[in-house]
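See structure below.
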There are 2 protein chains.
Amino acid sequence: MHKRKTLQDVALAAGVSKMTASRALRGDKDVSQRSIMRVQKAAREIGYVGNHLASSLAGKATDLIGVVLPNLENIVFSHVLNGITETLYGTGLQPVCGITEYDPEREYEVVRNMLSWRPTGLIVTGLEFPADTAKLLREAHIPVVQIMDTDGDPIGGCVGFSHHQVGFDMAQALVQSGRKRIGYIGCGLGQDNRAQKRFDGFLAGLQQADVRLVAQRQDPGFSSIETGRHLTRALWQDHPDLDCIYYSNDDLAAGGYHHFNDLQIAIPDQVGLVGCNGLDFISGVPGRIGTTRTPRHEIGEAAVRMILQAVASGAPLAPIKQELRPEIDLGLIATQPPATPDP
Amino acid sequence: MHKRKTLQDVALAAGVSKMTASRALRGDKDVSQRSIMRVQKAAREIGYVGNHLASSLAGKATDLIGVVLPNLENIVFSHVLNGITETLYGTGLQPVCGITEYDPEREYEVVRNMLSWRPTGLIVTGLEFPADTAKLLREAHIPVVQIMDTDGDPIGGCVGFSHHQVGFDMAQALVQSGRKRIGYIGCGLGQDNRAQKRFDGFLAGLQQADVRLVAQRQDPGFSSIETGRHLTRALWQDHPDLDCIYYSNDDLAAGGYHHFNDLQIAIPDQVGLVGCNGLDFISGVPGRIGTTRTPRHEIGEAAVRMILQAVASGAPLAPIKQELRPEIDLGLIATQPPATPDP
DNA sequence: CATGGTGTCAAAACCGGTATCGGTACCAGT
DNA sequence: ACTGGTACCGATACCGGTTTTGACACCATG
């Protein structure tokens, strides 16, 4: 077994005590310039790499920010994580990421595991948690920020947007632009309650406008372009009179886009497609697919800022909601009425 | 300041010693069933959450696997990370992820920071490292696995594929399928030397087939569908006689696809598009865009297995390469000769 | 010259666990 | 009754840093 270099070794090599070496490396005061030089030189020469375990244990505070996300295949969360990472860069803090796969049990384990590293702050996804997980978060005594969703009561800080509102607004916008025969295609509703909230809001929006949802297709699995294509085919076969389809996200909408493209059905003239998230794909076909541009990167940023502020002030994070308004982009749907307008 | 519950508190509440409590919670032997029950009950009641810092420091081994990736916006690396996470799940080990943004200096910091957590193993991206970073890796005395690339000499384990070969094979395949007037579009060549390797291999493959690259367009930034569209427009304006474009990745190819779609130029009849990675988008337009399907999830899996094996055997990881062959899929290009064949 | 402040450093206590080792208590064998 | 083995438990010494405390040298001041 190899014996790693320790601070003691550095001190020995530099001819000072452990303490002085520690202070010198951390840039503490009360160390002579001469000692600093010698310690740094010694550390470099013997290839010393500090031990975060020891320093964090002794210092009672780590430089970790726990981030709990449901999934990383979904690029939405990658973007959030990126926002977090970028904002954290340079602050001396570091993100540690845990994945739950939308599994509450796994989520509990991940949160617990995070907390056992005594992080400085914690960012978790969503507002709803099982009782035991919520207990952990409440009693963590560190700043906790819940992200992505604002439809509910946060435990600590909260940054995101209302998915219900997003669905509602989109329904209203579609009806206003003249679409009346609207279908819905969604994925993973059982696991992802935010998609469910959007759908609920969408239905509420339609109802308020006195428009009925013509039909829907749902799939329990993860969303993908492929799935979007299949569901669209199925829905269209039964309801070729639709003038608009609302998808629970952009991946599915992209699948629909390809399907209608193959059929040479004009988008959005004959049928309008609307997704959610404003992914790269959407800007690849400018104006063709409507979407709600969600501020993913910004959510990551805001969450970090909330934590930084709480850490700086030393006060625990009170339940505060920060609402970031997503932006609806109907693209060409906004300007082009459906090809076969309602009588 | 709030005082966190410690093992001592649990022990006190359970009426046993700290040691017994420790053993009971970890499922060590030499503890009576009665003590186990009482300790577990006490721990639950006072809401005890272990301290990984302390246990790792005392136990001389963490349950961490460091993962160093250049970027997470790029879904390729998300997939790798997912493969790692999934394979690690249930082993008791946990991934910690660091992002370098292709910046060597930042990479050094990230690796150093990782090592300071004394992880059980380390997974890093790529084969080439600056001298100081390489030194860190060599002297880490833990299993190090380098992923994504096999064109070079690894420090420890190595899982990936040859990007040179991928480019080379694609060139050969395209020429064999009858494409002769070939252009190239790429991104971020300065930072991402794997894209550069593919390009080099591609050129070598063309040369061997006695075909000259007609033209190329490159952009220093990150790849995106938008960028692919712009570069394609630019390239096509100057060279409307191309019968094939090779893109450094699928995002760019998707941009090209949209561009030609708008122009109503037949794909792949008039111009064939080929990317790299086999992303979801490609299967969304089946057969229309060629690609090289890279085993991203598998790379993550294999890297973890290498580390697990090294940990189990206790031996340091010798420089071993594991080559995973990507799979070329030309789609319709394979069966449809270009519309205006070479005379 | 005594006094006190300042800059520099080292010894010791401590952070919250685990490894080690040496005890008890209890039972079976003789 | 004595021995030996086994199951269980706890005191103690760490792990590798940081914080605290205090000592010492040096200088300026009254």
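Chain letters run A, B, ... following the sequence lines, proteins first and then strands; every chain starts at 1.
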- Quick note, salt bridge (charged side-chain N to carboxylate O under 4.0 Å, His left out) partners involving residues 41-58 of chain B, not counting sequence neighbours, are B:K41-B:E45
- Message: Check whether B:T85 reaches the backbone of B:L81 with its side chain - one donor and one acceptor, N or O, closer than 3.5 Å.
- Response: yes
- Message: Quick test of your reading: applying side-chain hydrogen bond (donor to acceptor under 3.5 Å, both in side chains), list the pairs with at least one residue in residues 312-322 of chain B, sequence neighbours left out, ordered by first then second residue.
- Response: none
- Sorted by number, residues from residues 110-122 of chain A placing a heavy atom under 4.0 Å from DNA chain C are none
- Message: Looking at B:Q146 and B:P154, would you say the former's side chain and the latter's main chain have a donor-acceptor pair under 3.5 Å?
- Response: no
- Who passes side-chain hydrogen bond (donor to acceptor under 3.5 Å, both in side chains) against B:S22, sequence neighbours left out? B:R26
- Message: Do the side chains of A:R112 and A:E139 get close enough for a salt bridge, i.e. N-O under 4.0 angstrom?
- Response: no
- Separation between CG of A:L57 and NE2 of B:H52, rounded to the nearest 0.5 Å: 13.5 Å
- Note on the structure: Hits for ring pair (Phe, Tyr, Trp, His ring centres under 6.0 Å) against A:F161, two or more places apart or cross-chain, chain-then-number order -> A:H163
- Query: Considering only heavy atoms, which members of residues 35-49 of chain B lie under 4.0 Å from some atom of DNA chain C?
  - Reply: B:Y48
- Task: Walk along DNA chain C from 5' to 3' and tell me the first and last nucleotide with an atom closer than 4.0 Å to a non-hydrogen atom of chain A.
- Result: C:dT8 to C:dG16
- Query: Within 45 degrees of the axis of the six-membered ring of A:F129 and under 6.0 Å from its centre: does A:R138 put its NZ or CZ there?
  - Reply: no
- Query: Name the stems with DNA chain C in them: runs of three or more consecutive Watson-Crick or G-U pairs, distances under 3.5 Å?
  - Reply: C:1-30 with D:1-30
- Note on the structure: Ordered by number, residues from residues 8-32 of chain B within less than 4.0 Å of DNA chain C (heavy atoms) are B:K18, B:M19, B:S22, B:R23, B:R26
- Those residues that, when tested against B:D149, pass salt bridge (Lys or Arg N to Asp or Glu O under 4.0 Å) (two or more places apart): B:K197
- salt bridge (Lys or Arg N to Asp or Glu O under 4.0 Å) with B:E323: which residues, sequence neighbours excluded? none
- Query: Excluding sequence neighbours, so at least two apart, what forms side-chain contact (heavy atoms from CB on, under 4.5 Å) with A:T87?
  - Reply: A:E301, A:V304
- Task: Report the distance from atom CG of B:L57 to atom C1' of D:dG17, rounded to the nearest whole Å.
- Result: 8 Å
